[in-house]
Student: 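Input: one structure, supplied below.
Ligands are counted one by one from 1 in listed order, and the atoms in each one are counted from 1 as well.
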Amino acid sequence: MADEGEEIPLTGGDVTEGLVRVGDTVRRPPGERAEMVRDVLLHLESVGFEGAPRFLGVDSAGRQVLSYVEGEVAGRPHPDWIADEDRLISLARLVRAYDDAIESFGIPMNLPAPIEPPGLPAVADPVELVGHQDITPENVVFRDGRAYALIDFDLARPVSRAREMVNLMLWWAPLGADADVDPGFHGLDRLRRCRLIADAYDLSDPDRRRLMELAIALNERVWHTMKYRAETLGGGWQRMWSEGVGDKIKNRQTWLDQHADSITTALLS
Ligand SMILES: Nc1ncnc2c1ncn2[C@@H]1O[C@H](COP(=O)(O)OP(=O)(O)O)[C@@H](O)[C@H]1O
Ligand SMILES: [Mg+2]
């Protein structure tokens with residue numbers, strides 16, 4: 001693996017330290033489940049899925065070498081197109097294409113346990129595929145006004161399609177009050193955007209019915225997980241916690257309790 005070239009730090013994300021661009025590659029210090037991420041990216045390549053970086057190898061510093069995906073990524077403050085409905089629809093279609101492409105990868109066995117508080121009860125939910133599970137604005141590359149690729153597979157894990165939808169709606173409807181989301185997402189019709197997402201993904205009716213119950217259960221759980229990660233891992237996790245992510249999660253709980261029924265109605269009507 002060639003190592004030459006200037007290293008340009010990539011600072012748009014929240015967590016990964018030491019992420020750099022070198023020429024048309026990205027170098028990532030290995031995350032918690034680096035081997036699974038490698039296998040996921042290789043599988044996506046083998047089935048001809050274009051919407052993800054290619055895994056190119058490991059460099060002499062032990063970093064994963066991925067292709068750099070040219071395009072637009074929303075940094076902060078968010079660009080004015082962040083809430084565009086056509087982009088939202090294209091993103092839900094991209095996530096559907098990803099979920100369909102990764103389904104044949106199967107569910108890997110013997111994964112390292114996720115870093116979570118010991119004894120935290122799991123949310124009852126069927127495992128269907130290795131979901132992306134971190135579909136934030138910073139983790140999507142757009143081209144020509146359409147979602148083109150998902151990047152940053154560090155949180156990929158076995159989940160249900162419904163859980164993948166909760167993650168997409170969380171960041172892009174988004175799920176939460178204006179006061180708790182970035183200004184580019186203020187004043188939006190969340191019910192309509194949840195419906196647009198579900199329709200573009202072609203989410204099944206049974207999944208639409210159970211989506212909000214799942215969203216509430218997952219949100220309760222994530223407060224504990226984020227707190228534990230801040231305490232045990234430090235770094236970007238600690239930074240997010242001291243910036244108040246825990247309060248945002250609690251506020252989202254209130255918002256979800258208030259809006260769950262109307263979102264479910266919007267999804268089914
Ligand atoms: N393969 C890639 N192609 C294009 N841009 C990338 C790629 N990987 C990372 N980036 C850019 O770097 C930023 C941070 O990378 P990311 O992998 O999301 O790290 P973090 O784990 O910190 O969120 C992204 O938001 C994106 O702008
Ligand atoms: Mg990221």
Student: Please could you name the atoms of ligand 1 that Val26 approaches to less than 4.0 Å, counting only its heavy atoms?
Tutor: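 In order of numbering, the contacting atoms are 1 (N), 2 (C), 7 (C), 8 (N).
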Student: Taking heavy atoms and a distance under 4.0 Å, where does Arg28 meet ligand 1: side chain, backbone, both or neither?
Tutor: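 It is the side chain that gets close, since no backbone atom is under 4.0 Å.
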Student: Answer yes or no: does an N/O atom from Tyr68 fall short of 3.5 Å to an N/O atom of ligand 1?
Tutor: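 Tyr68 vs ligand 1: no N/O contact under 3.5 Å.
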Student: Give the atom numbers and elements of ligand 1 that come within less than 4.0 Å of a heavy atom of Pro53.
Tutor: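 Atoms satisfying the 4.0 Å criterion: 1 (N).
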Student: Kindly indicate, with the supporting measurements, whether the criterion side chain to side chain contact (heavy atoms under 4.5 Å, CB included) is fulfilled by Ile263 and Leu175.
Tutor: CA-CA 10 Å; Ile263 292 175; Leu175 303 179; 4.2 Å; yes
Student: Between His43 and Ala101 (side chain of the first, backbone of the second, donor and acceptor by atom type, cut-off under 3.5 Å), is there such a pair?
Tutor: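 Between the backbone of Ala101 and the side chain of His43 there is a qualifying donor-acceptor contact (under 3.5 Å).
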Student: Taking the Mg ion (ligand 2) as the reference point, name the nearest N/O/S atom of Asp152.
Tutor: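 Asp152's closest N, O or S atom to the Mg ion (ligand 2) is named OD2.
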Student: Can you tell which of Leu41, Asp152, Thr25, Leu10 gets a heavy atom nearest to atom 16 (P) of ligand 1?
Tutor: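 Answer by nearest heavy atom: Asp152.
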Student: Is a salt bridge present between Asp178 and Arg190, judged by a nitrogen-to-oxygen distance below 4.0 Å?
Tutor: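 The answer is yes: the pair qualifies as a salt bridge.
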Student: Nearest to atom 18 (O) of ligand 1 by heavy atom, Leu155, Leu150, Asn139: which?
Tutor: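 Answer by nearest heavy atom: Asn139.
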Student: Does the distance from a Lys or Arg side-chain N to an Asp or Glu carboxylate O, for Arg208 and Asp199, drop under 4.0 Å?
Tutor: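 Salt bridge present between Arg208 and Asp199.
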Student: What atoms of ligand 1 come closer than 4.0 angstrom to any heavy atom of Ser67?
Tutor: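 Every atom of ligand 1 under 4.0 Å from some heavy atom of Ser67: 1 (N), 2 (C).
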Student: Taking a cutoff of less than 4.0 Å between a non-hydrogen atom of the residue and any ligand atom, is Asp154 in contact with ligand 1?
Tutor: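 No; Asp154 lies far enough from ligand 1 that no heavy-atom distance drops under 4.0 Å.
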Student: Do Asn167 and Gln133 pair up side chain to side chain, a donor and an acceptor below 3.5 Å, judged on atom types alone?
Tutor: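 Per modelled atom types, Asn167 and Gln133 side chains form no pair under 3.5 Å.
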Student: Can you list the ligand 1 atoms lying under 4.0 Å from a non-hydrogen atom of Leu19?
Tutor: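 Counting atoms of ligand 1 from 1, those under 4.0 Å from Leu19 are 12 (O), 14 (C), 15 (O), 16 (P), 17 (O), 19 (O).
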Student: Is the Phe55 to Phe153 ring centre distance short of 6.0 Å?
Tutor: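 Ring centres of Phe153 and Phe55 not closer than 6.0 Å.
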Student: Check whether Ser160 reaches the backbone of Asp125 with its side chain - one donor and one acceptor, N or O, closer than 3.5 Å.
Tutor: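 No.
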Student: Determine, using heavy atoms of Leu66 and all atoms of ligand 1, whether some pair is separated by less than 4.0 Å.
Tutor: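 No; Leu66 lies far enough from ligand 1 that no heavy-atom distance drops under 4.0 Å.
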Student: Counting backbone and side-chain atoms alike, does Asn139 have an N/O/S atom under 2.8 Å from the Mg ion (ligand 2)?
Tutor: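 Yes.
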Student: For Gly75 and ligand 1, answer yes if some heavy atom of the residue is under 4.0 Å from a ligand atom, otherwise no.
Tutor: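 Contact absent.
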Student: So is there a nitrogen or oxygen of Val73 less than 3.5 Å from a nitrogen or oxygen in ligand 1?
Tutor: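 So ligand 1 has no N or O lying under 3.5 Å from an N or O of Val73.
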Student: Between Ile151, Val20, Thr136, which one has a non-hydrogen atom sitting closest to atom 9 (C) of ligand 1?
Tutor: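 Answer by nearest heavy atom: Ile151.
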Student: If only side-chain N and O atoms count, and only distance matters, is there a donor-acceptor pair under 3.5 Å linking Trp81 with Glu72?
Tutor: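 On atom types as modelled, these side chains qualify, holding a pair under 3.5 Å.
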Student: Quick one: which ligand 1 atoms are inside 4.0 Å of a heavy atom on Glu138?
Tutor: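 Here the atoms of ligand 1 in question are 24 (C), 25 (O).
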Student: Is it possible for you to check whether Arg161 lies under 6.0 Å from the centre of the six-membered ring of Tyr201, through NZ or CZ, and within 45° of that ring's axis?
Tutor: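 No, Arg161 does not sit over the ring of Tyr201.
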Student: Is it true that a side-chain atom of Arg27 and a backbone atom of Gly18 form a donor plus acceptor pair closer than 3.5 Å?
Tutor: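 No; zero donor-acceptor contacts below 3.5 Å.
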